[in-house]
There are 2 protein chains.
Amino acid sequence: MTALDNAALRAATGAANGEQDRRAEIYRSAARIFHRKGYHATSINDIAAAVGLTKAGLYYYIKGKQDLLFAIMGFAMDQLDEQVIEPARRVEDPQTRLETIVARHARLITQDSSALTILVNELEGLLPDDRADIIGRQRDYVDFIADTLAALRDEGKVLGLDPTVGAFSLVGMILWISRWYRADGRLDGDEVVAEVTRMAISAVLNRGEDSNAGNPARTGQPAKETRE
Amino acid sequence: MTALDNAALRAATGAANGEQDRRAEIYRSAARIFHRKGYHATSINDIAAAVGLTKAGLYYYIKGKQDLLFAIMGFAMDQLDEQVIEPARRVEDPQTRLETIVARHARLITQDSSALTILVNELEGLLPDDRADIIGRQRDYVDFIADTLAALRDEGKVLGLDPTVGAFSLVGMILWISRWYRADGRLDGDEVVAEVTRMAISAVLNRGEDSNAGNPARTGQPAKETRE
DNA sequence: GCGAACCTACCGGGCGGTCGGTAGACTACT
DNA sequence: AGTAGTCTACCGACCGCCCGGTAGGTTCGC
């Protein structure tokens, strides 16, 4: 049965070529299971079974449980770098940059939250050196957002908000998506991304600013003092 | 040494009375350790040692590891009910109610995040029935926030925001505090609570509203169109 | 016949949990 | 006052299980 699954799996992936595909599949499976059950609650056997191998067979591909976790987290950070940070870094205007960050990060999570979520939930499963590495990269990301908020403040678009608190709060909002969003749920992924992005922007911007530049419609109500 | 620690501990607690104090201390210690290392990475021995008992001694007070977790989560939900939901339920005005919710929840986390954080991070450690219980109570809380957002929408203070997405996003922002806030850090707990509350309100409100009703000071700049 | 890709069988160890005890405080009876 | 019984609050030793990891094959395509 195991052998059959294995063969079926190979056929399904297209019978292409060997080692790299298999290894990638292992990482993907492991990420999914770590995400669902948590790192410590997941056994090497769980992962091996999920990819149609025995434990010993799995060890042909991986060095150990902790290396596997570190590899997944590294992959997730790479994803964040490539799909969020780098594209955003090329955006000059701070507000547009912030929108880019939030939207791209949120989209990444609605598409496949496994690795990204493990990245924040399983840090204590790493060896100290590996943990330091990941935490450093995470801090860089938060600093990048904080710097963007500081730039917005310098433009007068943000008043009286500590950039660090702002950055963390936005990150919290985004990361939390993976806890409640279901691809098969009531809401479409793109809608969720749009909603969250709009909330994030208006959370940090001064009143009286248009939060969604370049977006037609939705100019419903001009800034107006109607209080009491 | 264990016996000494034990005795010292008793003396320190005031040599008051027995079982309830001890049990409370156990829950508190366990919550702290679960929070720091995670439920699955924490052994019964860890907890026993932390309270100056052997494993067998600890089992005099608890029924098992999962019951301990459930008890802690139940306590955390009770805290949330008593300190956040009930007080907020007595507030009629939706905006003030929302401010109450966010501020009180955030304050709870800056004061002692252990139990509250376990509540959201260790759900998969529970037995199915217990998990259903806790998840139900959590859903009630999110619904409560969503209803408040819906009420704000009916007042015209919120436009085009899905109450559910809004509620989840705010919760994410609040819960995330426990990941970055340190009591001994640069920022004062009250400042953080105030900042996050302000962000939360302006995240959901239309521009042109004053986000901190009844709060003197901090009226630095009236809503004004200064764009470009 | 040789290496890549696996397997079976096993290891030491730590886990959650239990069992049978027991020191000592506190009654209860004589 | 003495002592027998009882109960609370623990402890040392142990159990079975499963964990991460490994040693030493075996199969199979080239």
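In what follows, every chain begins at residue 1, and chains take the letters A, B, ... in the order their sequences are listed. Only a predicted model underlies this, so the values are computations on that prediction, with no experimental measurement involved.
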Measure from CG on A:Asp67 to C1' on D:dG21 and round the result to the nearest Å. 12 Å

Do A:Ser114 and A:Arg28 have side-chain atoms, one donor and one acceptor, less than 3.5 Å apart? no

A:Tyr60 OH to D:dG21 P, in whole Å, measures 19 Å

Residue pairs passing the ring-ring contact (aromatic ring centres under 6.0 Å, His included) test with at least one member in residues 80-99 of chain B, sequence neighbours excluded, are none

A:Asp78 with A:Arg137: basic N within carboxylate O range, under 4.0 Å: yes

Please state how far atom CG in A:Leu58 lies from atom C1' in C:dT8, giving the value in whole angstrom units. 16 Å

Is the phosphate of C:dC6 approached by A:Arg22 (side-chain N or O, under 4.0 Å from OP1 or OP2)? yes

Rounded off to whole Å, could you give me the NE2-to-C1' distance for the B:His40 and C:dG14 pair? 16 Å

Measure CG/B:Asp21 against P/D:dT8 and give the value in whole Å, please. 17 Å

Could you go over nucleotides 17-21 of chain C and give all protein N or O partners under 3.5 Å, atom names and distances?
from   : atom 1 : to      : atom 2 : distance (Å)
C:dG17 : OP2    : B:Tyr59 : OH     : 2.5
C:dG17 : OP2    : B:Lys65 : N      : 2.8
C:dG17 : O5'    : B:Tyr59 : OH     : 3.1
C:dG17 : N7     : B:Lys55 : NZ     : 3.2
C:dG17 : O6     : B:Lys55 : NZ     : 2.6

Can you list, pair by pair, the side-chain donor-acceptor contacts under 3.5 Å of residues 65-76 of chain B, counting residues two or more places apart and other chains?
from    : atom 1 : to       : atom 2 : distance (Å)
B:Lys65 : NZ     : B:Tyr39  : O      : 3.1
B:Lys65 : NZ     : B:Thr42  : O      : 2.8
B:Gln66 : NE2    : B:Gly125 : O      : 3.2

With no hydrogens and no angle check, just 3.5 Å: does a side-chain donor-acceptor pair link B:Arg97 and B:Thr148? yes

Specify the separation, in whole Å, of atom CG of A:Asn45 and atom P of D:dG20. 8 Å

Nearest-angstrom distance from the residue atom CG of A:Leu69 to P of D:dG21: 12 Å

Of the nucleotides D:dA9, C:dA5, C:dT8, which one has an atom closest to the side chain of A:Tyr61? C:dA5

Is there a donor in the side chain of B:Asn45 and an acceptor in the side chain of B:Ser43, or the other way round, less than 3.5 Å apart? no

Rounded to whole Å, CG of A:Leu53 lies from P of D:dT26 at a distance of 20 Å

